[in-house]
Amino acid sequence: MKSPFYVTTPIYYINDVPHLGTAYTTIAADVLARYARLRGADTWFLTGTDEHGIKVQRVAEQKGTPPQEYADEVSAMFRATWPRLGCAPDDFIRTSEARHKAGVQDLWRKIRDRGDLFLGHYEGLYCVGCEAYYTEKDLKQPGNLCPIHGTAAETVKEESYFFRLSKYADRLLALYEKNPTFVQPTSRLNEVKSFVQAGLSDLSVSRTTFQWGIPVPDDAKHVMYVWFDALSNYLTAVQEPAERRRFWPASVHLVGKDILRFHAIYWPAFLMAAGYADDELPKQIFAHGFLTYGGQKMSKSLRNTISPADLAESLSPTVGVDAVRYCLMRAISFGQDGDFSIDDVLARYASELGNSLGNLLNRVQPFAKVVPSKGVTGPLEADLAAAHAEGAKAAAEAFDAYNPTRALDAIWTVCAAANVYVDKSAPWAAKKRGDDARLGTIVATLVEELEALSVMVAPVMPSVAAAMRAQLGLPAQAGVVGRDQWPFAAPTRSTGEALPGGAPIFPRFEKEKEQELRARFAPPPEAGAAPAAPEKAKTPPVAAPAAVAPAADAKPAVTYDDFAKLELKVGVVLSAERVKKKDKLLDLRVEIGEAEPRRIVAGIATSYAPEALVGKRVVVLANLPPREFGKGLVSQGMLLAAEDDAGIRLLTIDGESGPGAKVR
RNA sequence: GGGCCUAUAGCUCAAUCGGUCAGAGCCCCCGGCUCAUAACCGGGCUGUUCCUGGUUCGAACCCAGGUGGGCCUACCA
C-alpha cells in the first residue's frame with residue numbers, strides 16, 4: 001500500500017476574498033488529492049482560513065462586531081467557495097478554533113522548553129492611537145504620519161518573544177542538500193538556499209499590541225504573531241483525533257511563490273526547534289507561479305470582477321466548473337507563471353473538451369445500446385492499446401511529479417489515438433456490410449477506452465468523469481484505500497451491459513452566448529486609472545482626518561522670509577506617463593515659463609491617470625534641488641497636492657494664469 | 001535602485017545529462033471521410049530558439065554583458 005498522502009493549501013487570510021489565485025492553489029491541491037485517492041493512497045486534503053491579527057481585529061471593531069463573529073462570517077464564505085469549484089477538502093481548519101490554539105500552544109511550549117524562544121525587544125514605528133506598528137510604507141510621508149490619526153508614529157520598543165532562527169541556518173542548508181526536492185520547482189530551491197546563505201536573523205514571533213490572536217503560554221499579555229500561528233495549522237489539523245496523526249508529515253505543501261520563504265525556511269526551522277527529526281518534516285514545498293488574467297496582473301480591482309466560480313457557472317451549470325479546472329491545470333505549466341483568459345477557456349472548451357473528448361463519446365453511441373461481444377482484435381486494436389499504455393503511464397508519472405499540465409497532455413494524446421482508431425476501424429463500414437462480429441469488437445474496444453479516459457480525467461474533471469460513466473453505463477467511481485484504480489491498461493467490459501448514452505457533455509455554445517461570455521469576462525480595461533478606489537473609502541476611519549487634531553500635526557511657526565524662500569509657480573502639464581516598476585510614480589513634463597519644460601516625478605499615479613493630467617494647470621515648487629529616482633530618472637521640482645484617505649488631489653488654478661505665473 | 005525569475009512558430013507552450021528534438025496543439029490552406037457536437041483523419045504553412053560576445057568537436061540548453069517582461073522589495077520631491 002502507498003504511504004498516506006497529505007496535501008495542503010495555505011490557509012487564506014480573511015482580510016481578502018477568494019479570487020483566481022487562491023482558487024488556483026486550492027484546485028491544484030484538490031486535483032492532487034483526487035489523483036492520490038484514485039491510486040489507492042490514504043489521502044488527506046487540508047485547507048482553511050487564517051483569522052488572527054490586527055487587521056481583522058480592526059475591521060471587526062469598525063463593523064462593531066466581535067472579531068470572532070466577523071471571522072466566522074468571512075471564513076464561511078471561503079468554505080462555501082470550494083464546492084463551487086469542485087473542491088472537496090477533507091478538513092477545513094480555522095486558526096480561531098480551539099484545536100488549533102491548543103496545538104500551537106503545544107508547539108510553542110516544545111520550542112520554548114528546548115530553549116529557542118527568548119524574550120527581547122521589537123522595535124518599530126508605532127501609532128499610539130491605533131495601538132499598532134506600521135512600516136514606513138503604510139505611513140504618510142514625510143513625517144511617518146498615521147493614515148488614520150494623522151499623528152506621527154513613534155519609534156517604540158516593545159517586549160517580544162523571538163525565535164532563534166539564526167541557529168538553524170546550517171541545519172536547513174543540510175536539509176536542502178540532502179533532500180534536493182524539498183523545494184520545487186528546483187529554481188525556487190536556489191532562491192531559498194541563497195536567502196539562507198545570506199544569513200538569518202531571529203524572528204519576532206509575538207506582539208503585545210493587539211489581542212486578537214493566540215495567547216503565549218504562561219505569558220498571556222503576548223499574542224503569537226502571524227507566521228508562527230498560521231504555519232502551525234498544517235500540524236495542528238492532524239493532531240485530533242489521534243488516528244489522524246498518521247498523515248504527518250505532510251506530503252506536499254502547495255504555496256504561491258510569494259510565501260515560499262516562510263514555508264521553506266521558517267516552518268521547517270520551527271519544527272526542528274520543537275524536536276522533529278528530518279524525516280518528520282514536510283516532504284516537499286511546491287511553489288506554483290502567479291496567474292495573470294488576459295495578460296494583466298491580478299489586482300484588487302480585478303479580484304472583484306473575475307470570480308472563477310462565477311465564470312464556471314456562467315459557462316455551464318453542469319460542466320463549467322470542470323472546464324475551468326481543466327483550463328487552469330492545462331494552460332498553465334504548474335510551477336510557472338501563466339496566463340488565463342476567457343478566450344483560452346472558450347478555445348479549449350470547443351476544441352479539446354468538445355471536439356476531442358466529448359465528441360469521441362458520441363461517436364460510439366449510434367452503434368450499440370449494450371456492450372457487444374469483443375471478439376478477435378487486430379493490429380488497429382493493438383495500436384490503440386499501445387498508445388493507451390504509453391499515455392496512461394506518462395500521465396501517471398506526470399501526476400506523481402505534481403505536473404498536472406503534462407498529465408493532461410498525455411491523456412489527450414490517448415484521446416487523439418482513440419479518434420484515429422475510430423477513423424481507421426470505420427465501424428460504419430462494418431455495419432454497412434453486416435459484419436456484426438467486427439463491429440462488436442470495435443465498439444467494445446472504444447467503450448473500454450472511454451472508460452479508461454473517464455478515470456484518467458477524473459482528478460481534474462470529476463463531474464465530467466461522472467457524466468461519461470453514466471453514459472457508458474458505469475457506476476460512479478470512488479477511491480478505495482489500498483486499491484490502485486489507475487487504468488494502465490484499458491479495463492474490460494462484460495458483454496450485454498447497458499450503454500445508456502446521452503446528450504453531448506460539452507454542447508457547443510451559441511454564437512450569442514459566446515459573445516456574451518467574452519464580453520462579460522473580458523479582462524477589464526487597463527487598471528489603475530480610476531481615481532481613489534471607492535473600495536477603500538467604504539471603510540471610514542475611526543477618527544476624523546487631521547483637521548480635528550491640529551495640535552498633534554502642527555509644525556513650528558515660520559517667518560515670512562522662510563516662506564519667501566519657496567519659488568512657487570503655475571505650470572501646465574505637457575505630458576505624463578507611468579514609470580516602469582514604480583507603481584506610484586508619474587513622469588511629467590511641466591511648462592513653467594522657462595526655456596525648457598521641467599521634468600517632474602510625482603507620486604500620484606494611484607490617484608491620477610496620466611491622460612487626465614495633460615493640459616492641467618498645477619502648482620510647482622520650482623527651487624527644490626533635483627531628486628534622483630535611479631536609472632536617470634531625475635525630478636526637478638514637485639507638485640503641490642492635498643492628500644487624505646480619499647486619495648491625492650492636485651492644487652490647481654482658478655482661471656487662466658499662464659505657465660510661469662508666481663504663486664504666493 | 002536591490003534580490004530573483006523569464007524570453008522558442010501568428011497564439012499557448014514542449015524539448016530528461018550540452019549531441020537526429022527545433023517539436024505539439026490552436027489558427028490558416030489543401031485533401032479525405034461521414035459514425036459524431038459543421039465534429040474526425042491525413043497533408044501543408046510559418047522559426048536569425050530576444051540581442052551581442054565567449055566556452056565547446058558540437059549550444060535553445062553553459063558563461064559574460066545588454067534589452068524586453070514578471071514577482072518581491074524599495075521609491076511617494
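Within every chain, numbering begins at 1; the chains are lettered A, B, ... in the order of the sequence lines, protein sequences first and strands thereafter. Below, each value reflects all heavy atoms present in this structure, side chains not excepted, and no hydrogens, waters or symmetry copies.
- Across the protein-nucleic acid pair, A:Q471 atom CD and B:C35 atom P stand 20 Å apart, rounded to whole Å.
- Judged purely by atom type and a 3.5 angstrom limit, A:R598 has no side-chain atom pairing as donor or acceptor with the backbone of A:I592.
- Evaluation of the ring pair (Phe, Tyr, Trp, His ring centres under 6.0 Å) rule for A:H263 yields A:Y234 as partners, not counting sequence neighbours.
- In this structure a side-chain-to-backbone donor-acceptor pair under 3.5 Å is present from A:R325 to A:V460.
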Each nucleotide N or O in nucleotides 9-15 of chain B that has a protein N or O under 3.5 Å away: list the pair and distance.
| from | atom 1 | to | atom 2 | distance (Å) |
| --- | --- | --- | --- | --- |
| B:A14 | OP1 | A:S333 | OG | 2.8 |
| B:A14 | OP1 | A:Q336 | OE1 | 2.7 |
| B:A14 | O3' | A:R406 | NH2 | 3.2 |
| B:A15 | OP1 | A:R406 | NH2 | 2.6 |

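- With the nearest nucleotide of RNA chain B identified for both A:G354 and A:M638, A:G354 has the one nearer the 5' end.
- More than 12 heavy-atom neighbours from other residues, nucleotides or ligands sit within 6.0 angstrom of CD on A:E594.
- When the salt bridge (Lys or Arg N to Asp or Glu O under 4.0 Å) test is applied to A:R493, the partners found at least two apart in sequence or on another chain are A:E497.
- The neighbour count for A:R261 CZ, taken as heavy atoms of other residues, nucleotides or ligands under 6.0 Å away, does not exceed 12.
- For the C1' atoms, the distance from B:G54 to B:U16 is 27 Å, rounded to whole Å.
- Legend: residues meeting side-chain hydrogen bond (donor to acceptor under 3.5 Å, both in side chains) with A:K569, ordered by chain and number and at least two apart, are A:E567.
- Counting any heavy atom pair closer than 4.0 Å across all strands shown, A:V422 reaches a base atom.
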Heteroatom pairs (N/O) under 3.5 angstrom, protein to nucleotides 25-32 of chain B:
none

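- Spacing of P atoms, B:A60 relative to B:C21, comes out at 14 Å, to the nearest Å.
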Without placing hydrogens or testing angles, list every side-chain donor-acceptor pair under 3.5 Å for residues 466-473 of chain A, not counting sequence neighbours.
| from | atom 1 | to | atom 2 | distance (Å) |
| --- | --- | --- | --- | --- |
| A:R469 | NE | A:P475 | O | 2.8 |
| A:R469 | NH1 | A:S454 | OG | 3.1 |
| A:R469 | NH2 | A:P475 | O | 3.3 |
| A:Q471 | OE1 | A:Q365 | NE2 | 2.7 |
| A:Q471 | NE2 | A:A503 | O | 2.7 |

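- When the P atom of B:A77 is taken as reference, atom CZ of A:R598 falls 16 Å away, rounded to whole Å.
- In this structure, A:Y421 atom OH and B:G42 atom P are separated by 16 Å, rounded to whole Å.
- Contact annotation for A:P504: base contact, defined as any heavy-atom pair under 4.0 Å involving a base atom.
- Across the C1' atoms, B:A9 and B:U52 are found 24 Å apart, a figure rounded to whole Å.
- Taking atom C1' on both B:A64 and B:U55, the two are 11 Å apart, rounded to the nearest angstrom.
- Within the structure, salt bridge (Lys or Arg N to Asp or Glu O under 4.0 Å) contacts touching residues 498-514 of chain A (residues at least two apart or in different chains) are A:E514-A:R518.
- Here the separation of B:G68 from B:U8, taken at their C1' atoms, is 15 Å to the nearest Å.
- Looking at every heavy atom in both residues, A:C415 comes nearest to A:S356 through SG-O, 3.5 Å.
- Separating the CG atom of A:L380 from the P atom of B:C40 is a distance of 20 Å, rounded to the nearest angstrom.
- Contacts of A:W227 classified as ring pair (Phe, Tyr, Trp, His ring centres under 6.0 Å), with partners at least two apart in sequence or in another chain: A:F262.
- Annotation: B:A14 and B:G31 have their P atoms spaced 35 Å apart (nearest Å).
- Spacing between B:A39 and B:U48 at atom C1', rounded to whole Å, works out to 40 Å.
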Quiz item: Which dot-bracket string describes RNA chain B (Watson-Crick N1-N3 plus N6-O4 or O6-N4, or G-U N1-O2 and O6-N3, all under 3.5 Å; [ ] crossing; | other strand)?
Solution: (((((((..((((.....[...)))).(((((.......))))).....(((((..]....))))))))))))....
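- The backbone N or O of A:V464 sits less than 3.5 Å from a side-chain atom of A:D322, completing a donor-acceptor pair.
- Taking atom C1' on both nucleotides, B:G58 is separated from B:G44 by 32 Å, rounded to a whole Å.
- Between A:L353 and A:C415, it is A:L353 whose nearest contact on RNA chain B lies nearer the 5' terminus.
- As a whole-Å value, the separation of A:R508 CZ from B:C40 C1' is 12 Å.
- Using a 4.0 Å cut-off on heavy atoms, the residues of residues 355-365 of chain A that approach RNA chain B are A:N355, A:G358, A:N359, A:N362, A:R363, listed by number.
- Counting only residues at least two apart or on different chains, the salt bridge (Lys or Arg N to Asp or Glu O under 4.0 Å) pairs with a member in residues 359-373 of chain A are A:R363-A:D423.
- A:T405 places no side-chain N or O within 3.5 Å of a backbone atom of A:R330 that could act as its donor or acceptor partner.
- Evaluation of the ring-ring contact (aromatic ring centres under 6.0 Å, His included) test over residues 347-372 of chain A, restricted to residues two or more places apart or in two chains, returns A:Y349-A:F506, A:Y349-A:F509.
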